[in-house]
Amino acid sequence: MKVVVCTKQTPSTTAVFTVDANGHVSWDDPGGKPNIVNPWDEYAIEEAIRLKENHGATDAIALTVGSEESKDALKTCLAMGCTEAILVSDSAFDGSDTVGTARVLAAAINKIGDVQIAVFGNRAIDGDTGLTPVQVARKLGWTPLTYVSAIKEISNGQITVERLLDDGKETVTAPLPVVISVVKEINEPRYPSFMGIRKANRATIPVWTAADLEVDGATGAEAAKVNWGHVYAPPPREGSVEIIEGETIEEKVRKLVDKLFEEKVI
Amino acid sequence: MDFELTEEQREFRHLVHEFVAKEVKPLARHTDETGEFNWQAVKKMGPIGLLGLEVPEKYGGAGVDAVSAAIAAEELGWGCGSTALAIGAHNTLGLGPIVRYGSEQLKQQWLPRLATGEGKLAALALTEPGAGSDLQGGVRTTAVKEGDSWIIDGSKMWTTNASIADVIIVLCRTDPAGGSHSLSQILVPTDTPGITIGPPEKKMGLKGSPTHAVTFEEVRVPLENLVGEEGRGLHQTLATLDSGRIGIGALAVGLAQAAYERAVAYAKERHTFGKPIAQHQAIQWMLADAATEIQAARLMVYWAAWLKQQGKPYTKAASMAKLFATEVSERVCRNAIQIHGGYGYSAEYEVERMYRDTRLMTIGEGTSEIQRLVIARHILNEW
């Protein structure tokens with residue numbers, strides 16, 4: 001049983017999103033921090049590695065669609081313990097919307113072959129749509145299991161998971177193969193290790209192009225159904241600060257409570 | 001000439017920095033105030049490789065190069081002096097002799113559990129009530145062969161990690177005749193009957209790194225626990241200290257960097273006479289000196305580590321790096337308090353702790369005076 005973890009390289013968590021007067025978007029880190037593995041994906045990577053360690057998966061393969069630079073994210077996956085990493089990169093995929101990306105990922109998963117579980121993070125911190133896992137499941141014709149907070153059991157060609165929903169938890173069983181997207185309650189991602197970093201630096205990460213895949217459906221900017229018509233930074237939040245004065249703490253607290261009542265906060 | 005770290009070294013630094021920023025630095029105040037050892041973070045260090053920096057991979061270690069090991073010590077020092085000292089002592093002083101001189105049996109028996117965090121830490125016991133830097137003449141702890149065992153009797157002082165270690169490498173006198181070939185290193189598991197580990201010493205700083213007096217009363221360990229050669233204990237110890245000095249220098253650079261960062265941030269925040277104090281020349285000079293001296297110290301530490309990695313003599317370089325880096329660190333931490341004014345003297349601000357922590361660095365693993373002695377001996381022989 002092979003497990004694939006689909007990851008994405010994103011800007012760092014401290015990167016600042018800016019749009020200039022011409023509508024050009026930049027997402028740079030003021031401290032110069034490099035791009036990172038999408039933080040949500042760290043839980044997916046950890047779970048893929050645990051599927052190998054605890055559930056008899058033969059491989060935990062990291063898969064990314066992106067530029068050559070995304071190899072850094074894949075190296076992190078290898079340093080954490082993934083057994084293999086594959087980059088899918090082609091200018092034909094540039095500007096794809098989530099459907100286009102899902103088509104590419106599905107084709108890559110088919111090419112890997114014998115995959116029983118494809119694991120995703122819940123969402124990516126840049127696009128923030130959370131759509132790709134279910135779209136990949138649709139393309140593959142597999143069952144999507146979203147918001148997974150625990151993998152309970154894998155046996156007899158079935159997987160049982162716990163899903164964390166707004167109203168509570170539910171336990172569901174589905175036949176393999178499945179696509180799962182995980183929430184952060186599922187595990188505590190491990191740190192990469194020195195030994196893993198060394199292994200990752202020695203590893204060759206194959207790059208698959210459009211020619212290597214049988215992508216079903218159109219990809220790229222022209223095929224995208226979603227267009228970014230107008231991108232702008234949200235206006236800064238307005239607010240004011242009032243320092244409550246008083247002779248004693250008790251007086252200050254009384255004034256504060258009155259204010260909170262006045263504003264109907266309490 | 002190349003001042004760039006390798007890609008692998010940069011990645012190591014990034015990994016350790018992120019780990020320390022998340023797991024070690026936020027607990028530094030708690031560690032200092034309570035004296036509780038930060039096991040929570042240390043247990044996570046094993047899988048990363050921080051507990052077996054120079055232990056070969058085949059024994060479960062990370063097997064990193066000397067510059068990477070120095071970087072790890074520096075980053076740990078940046079996060080928490082106490083934790084950094086314990087991990088430094090574990091790696092260089094405790095595991096170092098086993099890695100370099102230990103028999104295959106000792107390596108297989110101890111390194112995997114100590115390097116992966118499965119067990120506790122390792123320690124080295126040298127100093128005695130009457131022996132500090134003058135080990136050759138001063139060590140009174142004896143080890144006598146009896147059957148298939150060593151019988152160890154004596155007292156050690158200032159043993160870093162003793163209460164949080166599975167093993168202590170003990171420097172013992174094995175030849176009562178004395179001389180430079182009369183000492184040996186013997187590995188003693190801390191659960192061996194006859195060992196008494198005293199309460200943690202009350203110290204000025206580094207309160208989360210326990211330091212103990214240890215007494216040995218008829219402690220019996222197998223002859224196979226000899227580390228390296230009988231009679232080579234002094235040489236092995238001095239070589240171990242050379243390596244440890246790079247670590248202490250690196251740790252001091254990390255502490256200095258942390259204090260400097262706090263000082264810069266505070267100087268930009270704090271206003272006097274209508275402008276941030278960072279705009280006053282008196283403060284700027286202190287910050288400029290700190291930045292310059294930290295950079296020089298860091299380069300000296302990396303230089304010593306690089307020499308070690310190349311297999312070249314590095315005793316003088318390690319002493320120079322340790323001397324300079326630790327004195328720089330003391331100066332930088334002192335000035336960081338000065339920049340903070342009255343607040344800097346308060347335990348509410350971290351620079352107070354850093355100053356107390358770095359004070360040991362000019363004393364432990366050879367005082368500044370001993371470093372100058374070592375350097376002087378080398379340069380006088382060179383000319």
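FYI, side chains are in, hydrogens and waters are out, and symmetry mates aren't considered; it's all heavy atoms of this structure. Below, read A as the first sequence line, B as the second, and so on, with proteins coming before strands; counting in each chain starts at 1.
Using a 4.5 Å cut-off between non-hydrogen atoms, the part of residues 187-207 of chain A that approaches chain B consists of A/Glu188, A/Tyr191, A/Pro192, A/Ser193, A/Phe194, A/Met195, A/Ile197, A/Arg198, A/Asn201.
For the atom pair A/Thr146 OG1 and A/Asn122 CG, the distance stands at 8.0 Å (nearest 0.5 Å).
Salt bridge status for B/Glu23 with B/Lys44: present, with a side-chain N to carboxylate O gap under 4.0 Å. Between A/Lys8 and A/Asp126 a salt bridge is recorded (basic side-chain N to carboxylate O distance below 4.0 Å). In this structure, A/Lys255 does not pair ionically with A/Glu245, as no charged nitrogen and carboxylate oxygen lie closer than 4.0 Å.
Paired with A/Val65 under the rule side-chain contact (heavy atoms from CB on, under 4.5 Å), one option of A/Ile86, A/Thr7, A/Leu105 passes, and it is A/Leu105.
Looking at B/Glu8, both its backbone and its side chain come within 4.5 Å of chain A, counting heavy atoms on both sides.
Atom NZ of A/Lys2 is surrounded by more than 12 heavy atoms from other residues, nucleotides or ligands within 6.0 Å.
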